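Every value quoted in this text rests on a predicted model; they were computed, and no experiment measured them. Excluded from the calculations below are hydrogen atoms, water molecules and symmetry mates; all remaining heavy atoms, backbone and side chain alike, are included.
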There are 2 protein chains.
Amino acid sequence: MATIRDVAAAASVSTASVSHFINGTKALTPATAERIQQAIDDLNFVPNRLVRTLRGGRHSTVGFVVPDMSNPFFSELASVIEDALQPFGYLVVLCDTKGDVQREHDYLRRLAEMRVAGVIGDFSGRTDVDLSALSAVGASVVLLGATAGKAISSVNVDSTEAGILAAEHLRSLGHSQVAFLSAPGGERITDARWHALLDVFGRNLGGENAVVHLKAAGRRAADHATLVDSLLSLAPRPTAVVGANDYLALTVLHSLLRRGVDVPNDMSVMGFDDIPAAALSYVALTTVRAPAEEMGRTAVEMLLRAIRREIPHPEHAELPSQLIVRDSTTAPGQVN
Amino acid sequence: MATIRDVAAAASVSTASVSHFINGTKALTPATAERIQQAIDDLNFVPNRLVRTLRGGRHSTVGFVVPDMSNPFFSELASVIEDALQPFGYLVVLCDTKGDVQREHDYLRRLAEMRVAGVIGDFSGRTDVDLSALSAVGASVVLLGATAGKAISSVNVDSTEAGILAAEHLRSLGHSQVAFLSAPGGERITDARWHALLDVFGRNLGGENAVVHLKAAGRRAADHATLVDSLLSLAPRPTAVVGANDYLALTVLHSLLRRGVDVPNDMSVMGFDDIPAAALSYVALTTVRAPAEEMGRTAVEMLLRAIRREIPHPEHAELPSQLIVRDSTTAPGQVN
């Protein structure tokens with residue numbers, strides 16, 4: 001492997017000049033710069049960023065921690081974050097915890113050990129020790145979709161508010177028998193959405209609990225589809241279904257259609273997030289939008305300010321949820 | 001930040017003992033090990049993997065390079081690869097080139113600069129210089145979904161064979177007017193699938209070119225949906241549509257249904273990849289399966305053997321494509 005000395009010898013300059021050229025730390029004559037570039041190309045010399053990281057104490061990587069990469073909401077977020085960090089020279093380390101707390105713990109430790117500049121993530125919330133390890137090595141942290149007190153920066157969408165928007169929409173249409181469907185992973189957000197539903201329907205039905213919670217065994221689309229069996233065997237049969245996220249809600253919507261259930265006339269279906277497929281589905285999905293693009297970009301801007309120590313204290317942004325009514329919800333009993 | 005010396009002082013042992021404890025390089029008495037662990041916890045000490053990387057010359061990261069993370073096929077692959085590497089202590093650096101050759105070049109250079117242990121990726125194929133930079137720093141490379149001669153290990157699915165499977169399926173049903181739809185990104189694979197279609201229909205229609213290629217302006221689902229306008233304005237109207245991948249084909253299928261086109265009776269639709277949503281769509285999608293799980297796991301096993309220098313030469317695996325006939329294709333003119 002070619003070294004900086006080889007490049008200096010080939011270009012007939014000092015190693016210091018090569019170093020200045022690579023790091024842009026001193027102006028060189030065009031002729032010298034060209035000779036050095038030529039030597040770098042000829043020798044296929046690749047500067048070692050690790051050495052620079054050790055000297056500067058900071059790595060040019062950022063960890064992105066998600067509970068489930070198969071959910072298009074998180075792959076879209078990953079794409080937004082990676083795209084926003086790319087011009088600043090940061091590479092993104094992808095950590096899919098698959099909803100496993102031990103795995104999240106391992107990842108956060110290892111991100112600290114590799115001295116990432118920062119971490120953006122949707123954590124389970126049982127990670128105080130890990131976050132202090134990150135803080136101990138000088139890594140900045142931005143929590144996504146949650147707050148964890150004032151000490152850690154966050155870009156939040158209020159999951160309870162989103163749950164209430166969904167519940168009030170169904171209640172205003174006249175539904176009183178509602179099923180909430182979820183799958184493992186992202187429990188913190190799922191639980192907030194479920195409890196909001198419970199609050200709205202519990203409050204408005206004089207204490208009678210007309211909402212049920214069905215949980216899938218796994219995180220895959222095929223697991224979501226099996227929820228439909230349980231759903232259709234409920235008595236009384238719910239007139240509306242709320243998926244914990246659009247990825248799940250769309251799979252359930254299509255399974256219902258394939259089994260001859262008319263959505264929305266026999267059963268209303270809605271979700272959360274507003275992934276691109278929601279608007280484009282055959283029966284377009286009613287949902288409560290979480291602004292992925294804005295969340296990702298805001299988190300990156302916040303993280304870059306923290307890495308550069310431009311803002312001495314943690315920052316918090318709260319982004320609004322928005323009810324988007326499409327074709328998959330209507331009043332109950334239109335046809336029956 | 002706590003150092004190894006602080007830990008040694010707090011545990012009343014030598015720094016060498018702490019180092020042996022962290023790296024598992026020498027057995028210590030249980031009492032000593034416990035004292036060191038306690039000191040590490042108390043001081044929130046995080047070992048620096050960069051130092052170990054510099055000493056060992058190898059990083060515990062692997063780059064994963066994809067043309068489009070919004071396509072569920074690639075987010076599933078990312079998940080498989082990350083899952084397979086996790087037990088071996090490797091973190092995955094995600095590089096979404098978004099189909100941009102310059103961006104791919106930048107990413108491959110930066111992966112070399114950060115001294116990744118290896119790279120798994122679907123490259124555009126114009127990256128000889130970058131691959132030799134990776135090779136110069138000792139990083140192993142496994143190409144996905146392609147071969148690039150004998151010199152670089154690869155896990156391939158023959159895109160031409162897959163294209164022929166699709167074309168022969170439609171031809172055997174009686175179709176002769178076929179549209180192929182694609183979006184930017186992954187041109188190498190898209191082109192192979194398109195040319196296979198061209199070969200089959202060109203050959204069998206006595207030289208008459210009955211296949212057309214419509215290209216979306218962007219990579220997003222909304223861009224895919226706009227292809228439907230162009231498709232429906234073609235004269236004669238195609239009786240079958242082939243999407244360059246399932247992500248695109250499913251969006252088009254649903255847009256057609258929403259516009260009152262009966263799939264498959266008015267128009268057959270098929271795709272490639274067999275993403276989970278294909279089987280679960282209201283009208284289940286006929287497709288040519290590329291085995292994402294097997295591709296990802298095979299690539300990781302190959303990469304780990306290369307990193308450990310267990311196999312002295314490049315390895316090549318060729319995985320089969322499989323036609324999966326579902327409900328979205330039938331003979332033309334059933335209804336009209």
Of the listed residues (A:Pro276, A:Ser75, A:Pro72), which shares the most heavy-atom pairs with chain B below a 4.5 Å separation? A:Ser75
With chain B as the partner, which of A:Arg220, A:Lys98, A:Arg103 has the greatest number of non-hydrogen pairs under 4.5 Å? A:Arg103
Return the option, out of B:Gly89, B:Ala279, B:Cys95, with the maximum number of heavy-atom pairs under 4.5 Å with chain A. B:Gly89
Yes or no on side chain to side chain contact (heavy atoms under 4.5 Å, CB included) for A:Arg258 and B:Asp327, after CA distance, side-chain angles and deciding distance? CA-CA 11 Å; A:Arg258 285 161 65 82; B:Asp327 306 330; 3.9 Å; yes
[atom1]-[atom2] distance between [X] and [Y], expressed to the nearest 0.5 angstrom:
| X | Y | atom1 | atom2 | answer |
| --- | --- | --- | --- | --- |
| B:Leu280 | A:Leu257 | CG | CG | 12.5 Å |
| B:Ser70 | A:Glu76 | OG | CD | 8.0 Å |
| A:Ser281 | B:Tyr282 | OG | OH | 11.0 Å |

Side-chain heavy-atom pair A:Tyr107, B:Leu91 within 4.5 angstrom cut-off: yes
Name the region of A:Ala277, side chain, backbone, both or neither, that has any atom closer than 4.5 Å to a heavy atom of chain B. neither
Side chain, backbone, both or neither of A:Ala112 within contact of chain B (heavy atoms, under 4.5 Å): both
Suppose a student defines contact as a heavy atom less than 4.5 Å from any heavy atom of chain B. Which residues in residues 79-88 of chain A would they list? A:Ser79, A:Glu82, A:Asp83, A:Gln86
For A:Asp229, check salt bridge (charged side-chain N to carboxylate O under 4.0 Å, His left out) against everything at least two apart and list the hits. A:Arg259
